[in-house]
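To keep things clear, I will list the structure first and then write my remarks on it.
Keep in mind the model is a prediction, meaning the values are calculated, not measured. Start at 1 and go down the list; that is how both ligands and their atoms are numbered. Note that these values count all heavy atoms, side chains included, but never hydrogens, waters or copies made by symmetry.
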Amino acid sequence: MKAQRIRTQLYQPVVKWVGGKRNLCKELHRKAPPKFGNYYEPFFGGGAFALHLHGDGSLSTSNVFLGDMSKPLMTMYYIIRDNPQEFIAKLDSEEYSWKMDISEREVAFIRCRIRFNELNNKPSLENSEEIEMSCLFLYLNKTGFNGLYRVNKQGHYNVSVDKLTKGARTICDANAVENLSAFLNREGVSLGNCSYETLLQTAKAGDFVYLDPPYDDTFVAYQKTGFSWDDQVRLKTVVDELHDRGCYIMVSNSATAAIKELYKEYSQDFTSVTSSVNSKASDRKNKRQEIIIRNYLY
Ligand SMILES: C[S@@+](CC[C@H](N)C(=O)[O-])C[C@H]1O[C@@H](n2cnc3c(N)ncnc32)[C@H](O)[C@@H]1O
(Lines give C-alpha, C1' and ligand atoms only; values in the text may rest on other atoms or scores of the structure.)
Protein backbone atom coordinates (compact mmCIF):
# COMPACT_ATOMS: atom_id res chain seq x y z
CA MET A 1 0.00 0.00 0.00
CA LYS A 2 1.41 3.41 -0.96
CA ALA A 3 1.71 6.10 1.72
CA GLN A 4 -1.09 8.59 1.39
CA ARG A 5 0.19 12.12 1.00
CA ILE A 6 -2.79 13.95 2.33
CA ARG A 7 -3.27 17.67 2.75
CA THR A 8 -2.78 18.64 6.34
CA GLN A 9 -2.51 21.78 8.35
CA LEU A 10 1.11 22.85 8.24
CA TYR A 11 2.18 21.76 11.69
CA GLN A 12 0.42 19.07 13.63
CA PRO A 13 1.42 16.14 15.82
CA VAL A 14 2.62 12.97 14.14
CA VAL A 15 1.26 10.80 16.99
CA LYS A 16 -2.09 10.56 18.75
CA TRP A 17 -1.20 11.22 22.37
CA VAL A 18 -3.24 10.87 25.54
CA GLY A 19 -3.55 14.34 27.05
CA GLY A 20 -2.57 15.91 23.69
CA LYS A 21 -3.35 19.63 23.51
CA ARG A 22 -4.50 19.83 19.88
CA ASN A 23 -7.93 21.16 20.95
CA LEU A 24 -6.56 23.62 23.47
CA CYS A 25 -3.83 25.32 21.41
CA LYS A 26 -5.75 28.51 20.63
CA GLU A 27 -6.75 28.97 24.27
CA LEU A 28 -3.18 28.33 25.46
CA HIS A 29 -1.84 30.74 22.84
CA ARG A 30 -4.19 33.51 24.03
CA LYS A 31 -2.78 32.98 27.51
CA ALA A 32 0.90 32.91 26.48
CA PRO A 33 3.12 35.93 27.16
CA PRO A 34 3.24 38.16 24.05
CA LYS A 35 7.04 38.38 24.21
CA PHE A 36 9.50 35.96 25.73
CA GLY A 37 13.11 34.77 25.44
CA ASN A 38 13.62 31.04 25.00
CA TYR A 39 10.85 28.43 24.98
CA TYR A 40 10.80 25.26 27.12
CA GLU A 41 8.35 22.36 26.81
CA PRO A 42 9.59 19.42 28.91
CA PHE A 43 6.40 17.28 28.75
CA PHE A 44 6.38 17.37 24.96
CA GLY A 45 4.24 14.27 24.10
CA GLY A 46 2.75 14.91 20.64
CA GLY A 47 3.97 18.52 20.85
CA ALA A 48 0.72 20.16 19.71
CA PHE A 49 1.36 23.51 21.39
CA ALA A 50 5.02 23.91 20.36
CA LEU A 51 4.05 23.06 16.77
CA HIS A 52 1.20 25.56 16.92
CA LEU A 53 3.56 28.31 18.19
CA HIS A 54 6.14 27.39 15.55
CA GLY A 55 3.51 27.46 12.77
CA ASP A 56 2.45 30.90 13.92
CA GLY A 57 6.01 32.23 13.89
CA SER A 58 5.98 32.82 17.65
CA LEU A 59 9.20 30.82 18.20
CA SER A 60 11.22 32.34 15.35
CA THR A 61 13.59 34.30 17.60
CA SER A 62 13.75 31.83 20.49
CA ASN A 63 15.92 28.89 21.29
CA VAL A 64 13.54 25.98 21.82
CA PHE A 65 14.03 23.13 24.31
CA LEU A 66 11.71 20.15 23.89
CA GLY A 67 11.83 17.02 26.00
CA ASP A 68 9.95 14.00 27.28
CA MET A 69 10.85 11.00 29.46
CA SER A 70 9.38 8.53 26.99
CA LYS A 71 12.28 6.72 25.31
CA PRO A 72 10.44 5.37 22.23
CA LEU A 73 8.67 8.70 21.62
CA MET A 74 11.90 10.69 21.75
CA THR A 75 13.79 8.05 19.74
CA MET A 76 11.16 8.53 17.02
CA TYR A 77 11.67 12.31 17.13
CA TYR A 78 15.46 11.91 16.77
CA ILE A 79 14.83 9.65 13.74
CA ILE A 80 12.32 12.13 12.26
CA ARG A 81 14.89 14.90 12.72
CA ASP A 82 17.85 13.01 11.29
CA ASN A 83 16.37 10.45 8.91
CA PRO A 84 12.83 11.44 7.87
CA GLN A 85 12.91 9.96 4.36
CA GLU A 86 14.00 6.50 5.50
CA PHE A 87 11.32 6.61 8.22
CA ILE A 88 8.60 7.59 5.71
CA ALA A 89 9.76 5.02 3.14
CA LYS A 90 9.82 2.16 5.66
CA LEU A 91 6.33 3.00 6.88
CA ASP A 92 5.21 3.04 3.25
CA SER A 93 6.02 -0.67 2.85
CA GLU A 94 3.58 -3.58 2.99
CA GLU A 95 5.02 -4.57 6.38
CA TYR A 96 3.35 -1.55 7.98
CA SER A 97 0.10 -1.44 6.01
CA TRP A 98 -3.26 -1.15 7.74
CA LYS A 99 -4.90 -4.53 7.24
CA MET A 100 -8.59 -4.34 6.46
CA ASP A 101 -9.34 -7.85 7.60
CA ILE A 102 -9.63 -7.82 11.39
CA SER A 103 -7.96 -11.18 12.06
CA GLU A 104 -4.98 -10.26 9.83
CA ARG A 105 -4.85 -6.88 11.51
CA GLU A 106 -4.69 -8.47 14.95
CA VAL A 107 -1.93 -10.92 13.95
CA ALA A 108 0.15 -8.09 12.43
CA PHE A 109 -0.42 -5.92 15.49
CA ILE A 110 0.68 -8.61 17.96
CA ARG A 111 3.79 -9.39 15.89
CA CYS A 112 4.70 -5.67 15.91
CA ARG A 113 4.01 -5.34 19.63
CA ILE A 114 6.32 -8.28 20.50
CA ARG A 115 9.14 -6.89 18.36
CA PHE A 116 8.60 -3.35 19.71
CA ASN A 117 8.86 -4.53 23.33
CA GLU A 118 11.99 -6.53 22.47
CA LEU A 119 13.70 -3.45 21.01
CA ASN A 120 12.38 -1.01 23.63
CA ASN A 121 13.84 -3.12 26.43
CA LYS A 122 17.31 -3.49 24.89
CA PRO A 123 19.88 -1.37 26.75
CA SER A 124 21.28 0.08 23.52
CA LEU A 125 20.22 0.04 19.87
CA GLU A 126 21.96 0.17 16.49
CA ASN A 127 20.73 2.97 14.21
CA SER A 128 18.76 0.49 12.03
CA GLU A 129 17.06 -0.84 15.19
CA GLU A 130 16.16 2.71 16.26
CA ILE A 131 14.50 3.27 12.89
CA GLU A 132 12.66 -0.05 13.19
CA MET A 133 11.51 0.71 16.74
CA SER A 134 10.31 4.17 15.68
CA CYS A 135 8.27 2.72 12.81
CA LEU A 136 6.78 0.09 15.12
CA PHE A 137 5.98 2.79 17.69
CA LEU A 138 4.05 4.89 15.18
CA TYR A 139 2.34 1.82 13.70
CA LEU A 140 1.16 0.68 17.15
CA ASN A 141 0.13 4.25 18.04
CA LYS A 142 -2.08 4.47 14.95
CA THR A 143 -3.52 0.96 15.02
CA GLY A 144 -3.76 0.30 18.77
CA PHE A 145 -6.83 0.93 20.86
CA ASN A 146 -7.56 4.65 20.83
CA GLY A 147 -3.96 5.69 20.16
CA LEU A 148 -3.09 4.87 23.74
CA TYR A 149 0.56 4.39 24.74
CA ARG A 150 0.46 2.54 28.03
CA VAL A 151 3.10 0.38 29.70
CA ASN A 152 2.87 -2.09 32.58
CA LYS A 153 5.19 -2.10 35.60
CA GLN A 154 7.81 -4.05 33.61
CA GLY A 155 7.82 -1.27 31.00
CA HIS A 156 6.05 -3.42 28.36
CA TYR A 157 3.63 -1.71 26.01
CA ASN A 158 0.39 -3.63 26.55
CA VAL A 159 -2.35 -1.98 24.48
CA SER A 160 -4.61 -4.11 22.22
CA VAL A 161 -5.41 -3.65 18.57
CA ASP A 162 -8.18 -1.22 17.62
CA LYS A 163 -10.96 -3.55 16.43
CA LEU A 164 -13.58 -0.85 15.97
CA THR A 165 -12.26 1.38 13.20
CA LYS A 166 -13.30 -0.01 9.84
CA GLY A 167 -12.18 2.58 7.28
CA ALA A 168 -8.77 3.34 5.80
CA ARG A 169 -6.18 4.76 8.10
CA THR A 170 -3.02 6.77 7.53
CA ILE A 171 -0.17 5.40 9.61
CA CYS A 172 2.37 7.97 8.50
CA ASP A 173 1.34 11.41 7.32
CA ALA A 174 4.41 12.24 5.23
CA ASN A 175 3.67 16.00 5.22
CA ALA A 176 3.42 16.13 8.99
CA VAL A 177 6.68 14.16 9.35
CA GLU A 178 8.54 16.41 6.88
CA ASN A 179 7.25 19.59 8.55
CA LEU A 180 8.18 18.31 11.99
CA SER A 181 11.62 17.30 10.71
CA ALA A 182 12.21 20.81 9.33
CA PHE A 183 11.22 22.32 12.68
CA LEU A 184 13.48 19.98 14.68
CA ASN A 185 16.37 20.79 12.34
CA ARG A 186 15.96 24.54 12.80
CA GLU A 187 18.96 26.20 14.43
CA GLY A 188 18.41 26.63 18.15
CA VAL A 189 15.92 23.74 18.55
CA SER A 190 17.09 20.97 20.88
CA LEU A 191 15.57 17.70 22.02
CA GLY A 192 16.08 15.86 25.30
CA ASN A 193 15.01 12.39 26.36
CA CYS A 194 15.14 13.34 30.01
CA SER A 195 13.10 14.30 33.02
CA TYR A 196 11.64 17.80 33.14
CA GLU A 197 14.06 18.94 35.86
CA THR A 198 17.04 18.25 33.60
CA LEU A 199 15.54 20.05 30.60
CA LEU A 200 14.70 23.11 32.71
CA GLN A 201 18.18 23.60 34.21
CA THR A 202 19.07 26.43 31.81
CA ALA A 203 15.72 28.31 31.93
CA LYS A 204 16.26 31.92 32.98
CA ALA A 205 14.42 35.22 33.48
CA GLY A 206 12.14 36.10 30.56
CA ASP A 207 11.97 32.54 29.19
CA PHE A 208 8.58 30.90 28.66
CA VAL A 209 8.04 27.45 30.21
CA TYR A 210 4.93 25.48 29.29
CA LEU A 211 4.34 22.46 31.55
CA ASP A 212 1.79 19.80 30.63
CA PRO A 213 2.47 16.92 33.04
CA PRO A 214 0.47 13.68 33.26
CA TYR A 215 -2.87 14.71 34.75
CA ASP A 216 -3.79 14.42 38.37
CA ASP A 217 -6.48 11.80 38.88
CA THR A 218 -6.46 10.19 35.43
CA PHE A 219 -4.17 8.32 32.99
CA VAL A 220 -0.46 8.47 34.00
CA ALA A 221 1.07 5.20 32.69
CA TYR A 222 3.24 6.76 29.93
CA GLN A 223 6.27 5.33 31.80
CA LYS A 224 6.57 2.36 34.14
CA THR A 225 7.20 4.83 36.98
CA GLY A 226 3.86 6.62 36.40
CA PHE A 227 3.32 10.11 37.87
CA SER A 228 2.12 10.06 41.48
CA TRP A 229 0.72 12.80 43.71
CA ASP A 230 4.25 13.20 45.16
CA ASP A 231 5.42 13.91 41.60
CA GLN A 232 2.75 16.63 41.25
CA VAL A 233 3.98 18.18 44.51
CA ARG A 234 7.62 17.96 43.35
CA LEU A 235 6.64 19.66 40.08
CA LYS A 236 5.05 22.50 42.05
CA THR A 237 8.35 23.11 43.87
CA VAL A 238 10.09 23.32 40.47
CA VAL A 239 7.41 25.81 39.33
CA ASP A 240 8.19 27.92 42.42
CA GLU A 241 11.93 27.80 41.60
CA LEU A 242 11.24 28.86 38.00
CA HIS A 243 9.05 31.69 39.28
CA ASP A 244 11.91 32.87 41.52
CA ARG A 245 14.23 32.81 38.49
CA GLY A 246 11.82 35.15 36.65
CA CYS A 247 10.46 32.72 34.02
CA TYR A 248 6.96 32.99 32.57
CA ILE A 249 5.26 29.73 33.57
CA MET A 250 2.06 28.18 32.25
CA VAL A 251 0.90 24.78 33.57
CA SER A 252 -2.08 22.75 32.39
CA ASN A 253 -3.64 19.94 34.39
CA SER A 254 -7.04 18.51 35.23
CA ALA A 255 -9.00 20.90 37.44
CA THR A 256 -9.16 18.69 40.52
CA ALA A 257 -9.65 20.18 43.98
CA ALA A 258 -6.14 19.01 44.92
CA ILE A 259 -4.47 20.79 41.97
CA LYS A 260 -6.46 24.00 42.62
CA GLU A 261 -5.28 23.91 46.24
CA LEU A 262 -1.66 23.06 45.32
CA TYR A 263 -1.36 26.09 43.01
CA LYS A 264 -3.58 28.39 45.06
CA GLU A 265 -1.14 31.34 44.98
CA TYR A 266 -1.03 31.37 41.14
CA SER A 267 -3.53 32.69 38.60
CA GLN A 268 -6.04 29.99 37.61
CA ASP A 269 -8.30 29.80 34.54
CA PHE A 270 -10.67 27.02 33.63
CA THR A 271 -11.78 25.59 30.34
CA SER A 272 -13.63 22.47 29.30
CA VAL A 273 -12.38 20.13 26.60
CA THR A 274 -13.59 16.93 24.99
CA SER A 275 -10.63 14.62 24.88
CA SER A 276 -10.48 12.62 21.64
CA VAL A 277 -7.94 10.22 23.15
CA ASN A 278 -8.55 9.08 26.68
CA SER A 279 -7.95 5.82 28.45
CA LYS A 280 -11.43 5.74 29.98
CA ALA A 281 -14.43 5.42 27.64
CA SER A 282 -16.59 7.46 30.04
CA ASP A 283 -14.09 10.36 29.95
CA ARG A 284 -14.03 10.34 26.16
CA LYS A 285 -17.75 11.13 26.02
CA ASN A 286 -17.78 13.84 28.67
CA LYS A 287 -16.26 17.28 28.66
CA ARG A 288 -13.56 17.57 31.25
CA GLN A 289 -12.54 20.65 33.21
CA GLU A 290 -8.95 21.71 32.63
CA ILE A 291 -7.05 24.25 34.64
CA ILE A 292 -4.51 26.67 33.18
CA ILE A 293 -2.16 27.98 35.86
CA ARG A 294 0.09 31.01 35.29
CA ASN A 295 2.48 33.17 37.27
CA TYR A 296 1.77 36.21 35.06
CA LEU A 297 -1.29 37.91 33.59
CA TYR A 298 -1.86 39.53 30.20
C1 LIG B 1 -0.15 15.14 29.20
S2 LIG B 1 1.20 14.44 28.31
C3 LIG B 1 1.79 15.78 27.35
C4 LIG B 1 0.94 15.99 26.14
C5 LIG B 1 1.47 17.04 25.17
N6 LIG B 1 1.37 18.37 25.73
C7 LIG B 1 0.71 16.97 23.86
O8 LIG B 1 0.09 17.94 23.41
O9 LIG B 1 0.74 15.87 23.26
C10 LIG B 1 2.43 14.24 29.53
C11 LIG B 1 3.80 13.79 29.01
O12 LIG B 1 4.72 13.82 30.09
C13 LIG B 1 5.69 12.78 29.89
N14 LIG B 1 6.33 12.57 31.20
C15 LIG B 1 5.91 11.84 32.27
N16 LIG B 1 6.75 11.97 33.31
C17 LIG B 1 7.73 12.82 32.92
C18 LIG B 1 8.88 13.38 33.53
N19 LIG B 1 9.20 13.09 34.81
N20 LIG B 1 9.67 14.23 32.82
C21 LIG B 1 9.38 14.53 31.52
N22 LIG B 1 8.30 14.02 30.87
C23 LIG B 1 7.48 13.18 31.56
C24 LIG B 1 4.88 11.63 29.33
O25 LIG B 1 5.70 10.74 28.60
C26 LIG B 1 3.86 12.39 28.44
O27 LIG B 1 4.31 12.46 27.12
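Under the 4.0 angstrom criterion for non-hydrogen atoms, C194 is in contact with ligand 1.
For R113 and F116, the positive end is not near the middle of the six-membered ring at less than 6.0 Å and at most 45° from its axis.
Under a 4.0 Å criterion applied to the non-hydrogen atoms of G47, ligand 1 contributes the atoms 7 (C), 9 (O). Listed by number with element, the atoms of ligand 1 under 4.0 Å from a non-hydrogen atom of P42 are 21 (C), 22 (N). Atoms of ligand 1 found under 4.0 Å from any heavy atom of W17, numbered from 1 in the order shown, are 4 (C), 9 (O), 26 (C), 27 (O). Set against the non-hydrogen atoms of F227, the atoms of ligand 1 under 4.0 Å away are 16 (N). Under a 4.0 Å criterion applied to the non-hydrogen atoms of G45, ligand 1 contributes the atoms 9 (O), 27 (O). Heavy-atom proximity to G20, at under 4.0 Å, picks out these atoms of ligand 1: 7 (C), 8 (O), 9 (O). Heavy-atom proximity to A48, at under 4.0 Å, picks out these atoms of ligand 1: 8 (O). Every atom of ligand 1 with a heavy atom of G46 under 4.0 Å away is listed here by number and element: 7 (C), 9 (O).
Polar contact check, P214 against ligand 1: no nitrogen or oxygen pair lies under 3.5 Å apart. In terms of polar-atom proximity, R22 is not counted as a contact of ligand 1, lacking any N or O under 3.5 Å from an N or O of the ligand. Between Y215 and ligand 1, no N or O atom pair is found at a separation short of 3.5 Å. Annotation: D212 places an N or O atom under 3.5 Å from an N or O atom of ligand 1; distance criterion only.
With rounding to the nearest 0.5 Å, the separation of CG in D269 from CD1 in I293 is 10.0 Å.
Counting heavy atoms closer than 4.0 Å to ligand 1, residue P213 contributes backbone atoms (N, CA, C, O) but none from C-beta onward. Using a 4.0 Å cut-off between heavy atoms, F43 contacts ligand 1 through both its backbone and its side chain. At a heavy-atom distance under 4.0 Å, only backbone atoms of F44 (N, CA, C or O) approach ligand 1.
Side-chain contact check for D173 and Q12: no donor-acceptor pair (N or O, by modelled atom type) lies under 3.5 Å. Side chains of D240 and T237: a donor-acceptor N/O pair is absent below 3.5 angstrom, by distance only.
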All N/O donor-acceptor pairs, side-chain side in residues 31-39, below 3.5 Å, sequence neighbours left out:
residue : atom : partner : partner atom : Å
K31     : NZ   : E27     : OE2          : 3.0
N38     : OD1  : N63     : N            : 2.9
Y39     : OH   : E41     : OE1          : 2.6

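Classification of the F227-F43 ring pair by plane angle, with boundaries at 30° and 60°, yields perpendicular. Relative orientation of the H29 and H52 rings is perpendicular, given thresholds of 30° and 60° on the angle between their planes. Between W17 and Y149, the ring planes are parallel. Angles under 30° get that label, and only those over 60° would be called perpendicular.
Listed by first then second residue, pairs satisfying salt bridge (Lys or Arg N to Asp or Glu O under 4.0 Å) with a partner in residues 189-198 read E197-R234, not counting sequence neighbours.
Here the closest heavy-atom approach between residue R111 and residue E95 is recorded as NH2-O, 4.2 Å.
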